[in-house]
Undergrad: 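Just dropping this structure here.
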Amino acid sequence: MNDTHPVIAAIELLRQLLDVEHLPYDQAWYVVTNTFAYTNHTVLPEALEKWSVNMIQNLLPRHMDLIFFINHLFMEEIGRKYPGNGLKKQILSMIEGDGDDKKVRMANVAIVCSHHVNGVAALHSQILKDSVFRDFYELFPHKFLNMTNGVTPRRWLYCCNPGLSKLISETIGNDDDWITDMRMVEEIIASARDKKFVAKFLAVKNDCKRQLQQYVKKTQGIDIRIDAMYDVMVKRIHEYKRQLMNILYVIHRYLEILKTPEAQRDAKFVPRVVLIGGKAAPGYKDAKGFIKLINSVGQVVNNDRSIHDLLKVVFLKNYCVSNAQIIIPAADLSQHISTAGTEASGTSNMKFIMNGSLIIGTMDGANVEIAEEVGKDNMFIFGANVNEINQYRGLSDDARKGKIDGRLHEVFKTIYDNKFPVNDEIKSYIGRIHSG
Ligand SMILES: *Cc1c(COP(=O)(O)O)cnc(C)c1O
């Protein structure tokens, strides 16, 4: 079961086996729990679904009866295991609330009905055992395992980057066996300091950047230079992924350029094109606000002749897998800066690293395993780790406010002063994070 969305399937199989096939209950339950496994994809409460008991009763009354029944048996088991411990029953129950507010905790149904439960990166699976599903882990330690996400090298390297694929094949032995055995690509380390190889790699990267440059010109009418660093952040727009922090940094960089006398700017700053793309869920106002802010910063920065194209900001329209195949191979640097503990795995980190982009990332999700694999010297590790984040969460509002850096105050001020036109909602959002 891929997240909690299809969990009703387990109850439906139980119904089929009992009501249609007339199996005895124990056999039916045996088949159900040996059929299903549950993959959790996020620790954010928004994805741990709670379905209203009233709704299920109206639409699927038999399924609701069966959930009550399996929960009843489960609660009896908990009673035997933890006699007199009412709190355990409250935490582990598939049902919460009373009366019209009664809800089914679909994740609890999923765990009880499954033979295995997994997270999607080592750190995420550990967090499931330590906090989100701690009491279930204590009860069913044998059920919990890790299965780190992956992406297919066929699409995300071979198909989207033929230039790099050809270079890999000719460098490690002129055939394409590595496409189904990525371990083979390790052999390329031997060429990492070979000047000829490096020149070829840079030529491939340049071709990819030219394709993205043409794509941006054609689809959005914006000119970006080839000789700039392409700094890319493409993923769904969300607070935990921190596109807002990225754009606040971009404002800071713009202010630093402006503070430098115009004649010295070209010598001091590496030209950078910041490309941010992704969709926001339709009802997610704050995320829509971030998109507005990114576009506003682009409007101002891209039209300021005094900064000599040392900085460009593009919000890429309609981010999807098709244009991801053009965007990702062109990146020099890619951003994976989620608040530690919140990005279950991430998969674009894998796509970027396969295409020879450097990663700036927090110690979160699969970034942790990527850092182990490529070596910490080959990754820009950024920001607080999970333990530090937990310490910050424990601070008072005042203590947290005291930690806001002077440079950040300056950036917030540009937003209050309408330097980048945004609506009042975004300003009030910024006001809320600014005041701790
Ligand atoms: C890979 C991919 C994602 C996942 O990106 P993350 O940075 O891991 O969140 C999202 N959308 C599209 C179109 C992708 O190709």
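The chain is numbered in sequence order, starting from 1. Remember, it's 1-based here, ligands and their atoms both numbered in the order they're listed. Note that the coordinates shown come from a computational prediction; the quantities given were computed from them, not determined experimentally.
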Undergrad: Tell me whether the guanidinium CZ or amine NZ of Lys209 lies under 6.0 angstrom from the six-membered ring centre of Tyr230 and within 45° of its axis.
TA: yes
Undergrad: Taking C-beta and beyond as the side chain, do Tyr319 and Leu316 meet within less than 4.5 Å on heavy atoms?
TA: no
Undergrad: Would His336 count as a polar contact of ligand 1, with the cut-off being nitrogen or oxygen pairs under 3.5 Å?
TA: no
Undergrad: Testing Leu275, Asn246, Val234 one by one against Gln335 for a side chain to side chain contact (heavy atoms under 4.5 Å, CB included), which residue passes?
TA: Asn246
Undergrad: Give the atom numbers and elements of ligand 1 that come within less than 4.0 Å of a heavy atom of Gly346.
TA: 8 (O)
Undergrad: Among all protein heavy atoms, pick the one closest to atom 7 (O) of ligand 1 and tell me residue, atom and distance.
TA: Ser348 OG, 2.6 Å
Undergrad: Considering heavy atoms of the protein only, find what lies nearest to atom 9 (O) of ligand 1 and give residue, atom and distance to 0.1 Å.
TA: Lys241 NZ, 2.7 Å
Undergrad: Go through ligand 1 atom by atom and flag the ones less than 4.0 Å from a non-hydrogen atom of Thr347.
TA: 1 (C), 4 (C), 8 (O)
Undergrad: Any non-hydrogen atom of Trp156 lying under 4.0 Å from ligand 1?
TA: yes
Undergrad: Return the closest protein heavy atom for atom 10 (C) of ligand 1 as residue, atom name and distance.
TA: Tyr319 CE2, 4.2 Å
Undergrad: Quick check on the 6.0 Å ring-centre criterion: do Phe136 and Phe144 meet it?
TA: no
Undergrad: Looking only at protein heavy atoms, which one is nearest to atom 14 (C) of ligand 1, and what is the separation?
TA: Lys351 NZ, 3.0 Å
Undergrad: May I ask you to check whether His336 and Phe352 place their ring centers less than 6.0 Å from one another?
TA: yes
Undergrad: If we count only N and O atoms by modelled type, under 3.5 Å, do the side chains of Asn149 and His41 hold a donor and an acceptor together?
TA: no
Undergrad: Checking the N or O distance criterion of under 3.5 Å, is ligand 1 in contact with Asn349?
TA: no
Undergrad: Side chains of Gln220 and Tyr215: any donor to acceptor distance under 3.5 Å?
TA: no
Undergrad: At a 4.0 Å cut-off, with the gap strictly under it, does some heavy atom of Met350 reach an atom of ligand 1?
TA: no
Undergrad: Tell me whether the NZ or CZ atom of Lys413 lies within the 45° cone about the ring axis of Tyr416 and under 6.0 Å from its centre.
TA: no
Undergrad: Below 4.0 Å, non-hydrogen atoms only: which portion of Ser345 touches ligand 1? Side chain, backbone, both or neither.
TA: neither
